[in-house]
Amino acid sequence: MAPSRGPAPLHRDPGLQPERTTLAWGRTMLALVTVSAIFLRWLPQHGLPILLLFTVSAGTAAGIYFTQRRRYRVSSHGIRKERHDADITAVLWTASAGVILGALGIGVVLIG
């Protein structure tokens, strides 16, 4: 009897596209968590407005974390059905958070 290798994959993608996408979102989340920690380090220098930057970056990282499993499942099922659309909403939310962080960062520097 051959040893079990775990559950069968949800797709037959030799390039493992869902895994690459999951890793990319994971790197984005890690970058946002790192930036959140840097913002906390700047708190004594720039005061309470920096907490707004922290909230936006940590909130975006949490949003990515809590939607990661659903995104992977949708991507895997889409590949199996040979019809998969990009998650435009997630990309737009993440891009919007980046623009907001940039604008708030400029504001904090100009005010402080």
Side-chain angles (χ1 to χ4, degrees):
M1 186 163 155
S4 175
R5 294 188 180 191
L10 296 175
H11 57 84
R12 291 186 178 162
D13 180 20
L16 300 175
Q17 186 271 331
E19 284 78 7
R20 289 193 314 271
T21 302
T22 299
L23 288 171
W25 279 107
R27 286 189 299 270
T28 302
M29 181 184 61
L30 182 62
L32 286 165
V33 168
T34 303
V35 166
S36 297
I38 292 170
F39 289 150
L40 286 179
R41 184 177 171 139
W42 290 350
L43 187 60
Q45 294 171 334
H46 296 286
L48 292 179
I50 210 75
L51 288 179
L52 191 55
L53 289 162
F54 170 78
T55 303
V56 171
S57 61
T60 304
I64 291 171
Y65 177 78
F66 289 118
T67 58
Q68 188 77 308
R69 186 176 301 245
R70 179 195 58 80
R71 253 193 315 278
Y72 179 82
R73 188 176 56 248
V74 167
S75 180
S76 294
H77 289 299
I79 287 173
R80 185 174 353 139
K81 294 177 183 178
E82 295 185 6
R83 185 180 189 300
H84 177 64
D85 297 323
D87 189 358
I88 301 296
T89 306
V91 173
L92 289 177
W93 275 109
T94 306
S96 298
V99 169
I100 291 168
L101 281 171
L104 288 173
I106 291 170
V108 166
V109 169
L110 291 178
I111 289 171

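The first residue of the sequence shown is numbered 1, and numbering continues consecutively from there.
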Mind checking whether Trp42 and Leu110 sit in one hydrophobic cluster, side chains of I, L, V, M, F, W, Y counted as touching below 4.5 Å? no
Nearest heavy-atom neighbours spanning Ala58 and Ser36: N-OG, 3.2 Å
Starting from Leu48, can I reach Ile50 by hopping between I/L/V/M/F/W/Y residues whose side chains sit under 4.5 Å apart? yes
Nearest-0.5 Å distance, CG of residue Leu30 to OG1 of residue Thr34: 4.5 Å
Taking Ile111 as the starting point, is it possible to reach Val109 by hopping between hydrophobic residues whose side chains are less than 4.5 Å apart? no
More than 12 non-hydrogen atoms from neighbouring residues, nucleotides or ligands closer than 6.0 Å to CG on Leu92, yes or no? yes
Just how far is it from atom CD of Gln68 to atom CZ of Arg70, taken to the nearest 0.5 Å? 10.0 Å
Write down the atom of Ala61, the atom of Met29, and the distance for their closest heavy-atom approach. O-CG, 3.5 Å
Nearest 0.5 angstrom please: Trp25 CH2 to Thr94 OG1, how far? 3.5 Å
Distance col, row Thr89:OG1 vs Arg71:CZ, nearest 0.5 angstrom, shows 10.5 Å
Nearest heavy-atom neighbours spanning Leu53 and Gly105: CD2-N, 3.6 Å
In this structure, would Tyr72 and Tyr65 fall into the same cluster of hydrophobic residues linked by side-chain contacts under 4.5 Å? no
Separation between OG1 of Thr22 and CD1 of Ile64, rounded to the nearest 0.5 Å: 12.0 Å
Can you tell if the side chain of Val108 reaches within under 4.5 Å of the side chain of Phe39, non-hydrogen atoms only? no
Side-chain touch Leu101/Thr60, heavy atoms, less than 4.5 angstrom: no
Do Trp93 and Val56 share a hydrophobic cluster (ILVMFWY, side-chain heavy atoms under 4.5 Å, transitive)? no
